[in-house]
There are 2 protein chains.
Amino acid sequence: MDNYIKIFKALSDMTRLKIMWLLINIDEKICVSEIVDVLEEYQYNVSRHLRILKDAQLIDEVKEGKWVFYYLSPMKEEFGDLIQKAICSIPDTEMTTEMMKCKRRLTMRENDIDTKEEGS
Amino acid sequence: MDNYIKIFKALSDMTRLKIMWLLINIDEKICVSEIVDVLEEYQYNVSRHLRILKDAQLIDEVKEGKWVFYYLSPMKEEFGDLIQKAICSIPDTEMTTEMMKCKRRLTMRENDIDTKEEGS
DNA sequence: TACATATATGTGATTTTGTGCATATGTTAA
DNA sequence: TTAACATATGCACAAAATCACATATATGTA
């Protein structure tokens, strides 16, 4: 029962739920600094929230150079699968700003040196 | 977004998750004192937990004489529906004791005067 | 009426959680 | 090596959650 509690607890915070929503909806791995930019939250807080999601086995991480990318854990049990579907059913209207920022940030990956002076 | 957070928060407590699991699995309304007996938790705590679940719109109540029965709220949105399914997918093995006690307690409803001296 | 049963709530103590700040660790580039 | 960037974490504090105790409210019954 503790595992299920841990999952619900992990999802009962705005920042963490937003991270999960993004991961589910963009279907792509994303690194800490990108989440920081999208959610406009301090880096150290994002880091901590990511750890909580990982401890609940909702996400995994992979290190690439100086970046750490986070992605959805493949769900083995039906429970996690249904929880993911539930998060996915949260309408975009709740996340328009974040989704916009996220898309813009992800396209900046390839040519991030060229567009650095673009500003906000 | 706050509603979703509220739901996850409501479910991130052992007693409350157990109450929800029971309500989903017995498919029947149940009153406070019955939950107290099944979960072996103080009445005042059960009362409070039920209020939190109700504030999250997961359950509703109906008064019948001196009893207050609680039952699953009919889910209007897909989100709530998937959350219910997720809770339903939590295996019985996590709840064997509670389920046994619950079944016994519910059969005692009809003939509860006759069997009162049966004890535990 | 008085009493027993069922449920809810105010209050204070304890625990847990989220956050800000500073700083540590690790990686890349000059 | 030094500097810059990316991420993680120790510590202190404030806010929130949980719980135990006492008590209040409401209903039914003798």
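Naming convention: chains lettered A, B, ... in sequence-line order (proteins, then strands); numbering from 1 in each chain.
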*Mind running a 4.0 Å heavy-atom check of residues 11-19 of chain B against DNA chain D and sending the residues that fall below it, in number order?*
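Here the set is B:D13, B:R16.
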*So what does B:Y70 touch, heavy atoms closer than 4.0 Å: a base, only the sugar-phosphate, or nothing?*
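The answer is sugar-phosphate, as B:Y70 gets under 4.0 Å only of primed atoms, P, OP1 or OP2.
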*asked:* Counting the atoms with a prime plus P, OP1 and OP2 as sugar-phosphate, which does B:S33 contact under 4.0 Å by heavy atoms, base, sugar-phosphate, or nothing?
replied: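 Result for B:S33 = sugar-phosphate.
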Gap between atoms [atom1] and [atom2], on [X] and [N] respectively (whole Å):
X	N	atom1	atom2	result
A:K6	C:dT17	NZ	C1'	15 Å
A:F8	C:dT16	CZ	P	21 Å
A:R51	C:dT19	CZ	P	17 Å

_Parallel, tilted or perpendicular: which one describes the rings of A:F8 and B:F8, with boundaries at 30° and 60°?_
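A:F8 and B:F8: tilted rings.
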*Which residue, A:H49, A:Q43, A:E41, forms the side-chain hydrogen bond (donor to acceptor under 3.5 Å, both in side chains) with A:N45?*
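Of the listed residues A:H49, A:Q43, A:E41, the side-chain hydrogen bond (donor to acceptor under 3.5 Å, both in side chains) partner of A:N45 is A:E41.
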*Would you check, one step at a time, whether the test side chain to side chain contact (heavy atoms under 4.5 Å, CB included) holds for B:E61 with B:Y71?*
CA-CA 6 Å; B:E61 57 181 282; B:Y71 59 96; 5.6 Å; no
*Provide the start and end nucleotides, 5' to 3', of the part of DNA chain D that has atoms under 4.0 Å from heavy atoms of chain A.*
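It runs D:dC5 to D:dC11.
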*With sequence neighbours left out, write down each residue that passes side-chain hydrogen bond (donor to acceptor under 3.5 Å, both in side chains) with B:Q57, or none if nothing qualifies.*
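Partners of B:Q57 by the side-chain hydrogen bond (donor to acceptor under 3.5 Å, both in side chains) criterion come out as none, since no residue qualifies.
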_Residue mapping more 5' on DNA chain C - nearest nucleotide basis, A:E64 or A:I52_ =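 Of the two residues, A:I52 wins.
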*asked:* Judged by each residue's nearest nucleotide on DNA chain C, which is more toward the 5′ side, A:H49 or B:S47?
replied: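 Here B:S47 is the residue nearer the 5' end.
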Test item: [X] side-chain N/O and [Y] main-chain N/O as donor-acceptor pair under 3.5 Å:
X	Y	result
B:R16	B:K9	yes
B:W21	B:I90	yes
B:E34	B:C31	yes

*asked:* Would A:L50 and A:V32 count as a side chain to side chain contact (heavy atoms under 4.5 Å, CB included) here? Give the steps.
replied: CA-CA 8 Å; A:L50 286 166; A:V32 181; 3.8 Å; yes
_Assess whether a salt bridge exists between B:K18 and B:E94, defined as any Lys/Arg side-chain N lying under 4.0 Å from an Asp/Glu carboxylate O._
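Salt bridge flag = no for B:E94 with B:K18.
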*Using a strict cut-off of less than 4.0 Å between a Lys/Arg side-chain nitrogen and an Asp/Glu carboxylate oxygen, indicate whether A:K6 and A:D2 qualify as a salt bridge.*
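Salt bridge: no.
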*State, to the nearest 10°, the angle formed by the axis through the first five base pairs of the helix from C:dT1-D:dA30 to C:dA30-D:dT1 and the axis through its last five.*
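The angle, to the nearest 10 degrees, is 10°.
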Find every protein N or O atom lying less than 3.5 Å from an N or O atom of nucleotides 20-22 of chain C, and list the pairs.
residue : atom : partner : partner atom : Å
C:dG20  : OP2  : A:N45   : ND2          : 2.9
C:dG20  : N7   : A:R48   : NH2          : 3.2
C:dG20  : O6   : A:R48   : NH1          : 3.3
C:dG20  : O6   : A:R48   : NH2          : 2.5

*Minimum heavy-atom separation for B:I59 to B:M20, with atom names?*
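Here B:I59 and B:M20 meet closest at CG2-SD, 3.7 Å.
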*Share the residues that join B:Y42 in a hydrophobic cluster, the rule being Ile, Leu, Val, Met, Phe, Trp or Tyr side chains under 4.5 Å apart at the heavy-atom level.*
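Cluster partners of B:Y42: B:Y44.
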*Residue A:E78 excluded, over 12 heavy atoms near CD under 6.0 Å*: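 Not more than 12 within 6.0 Å, no.
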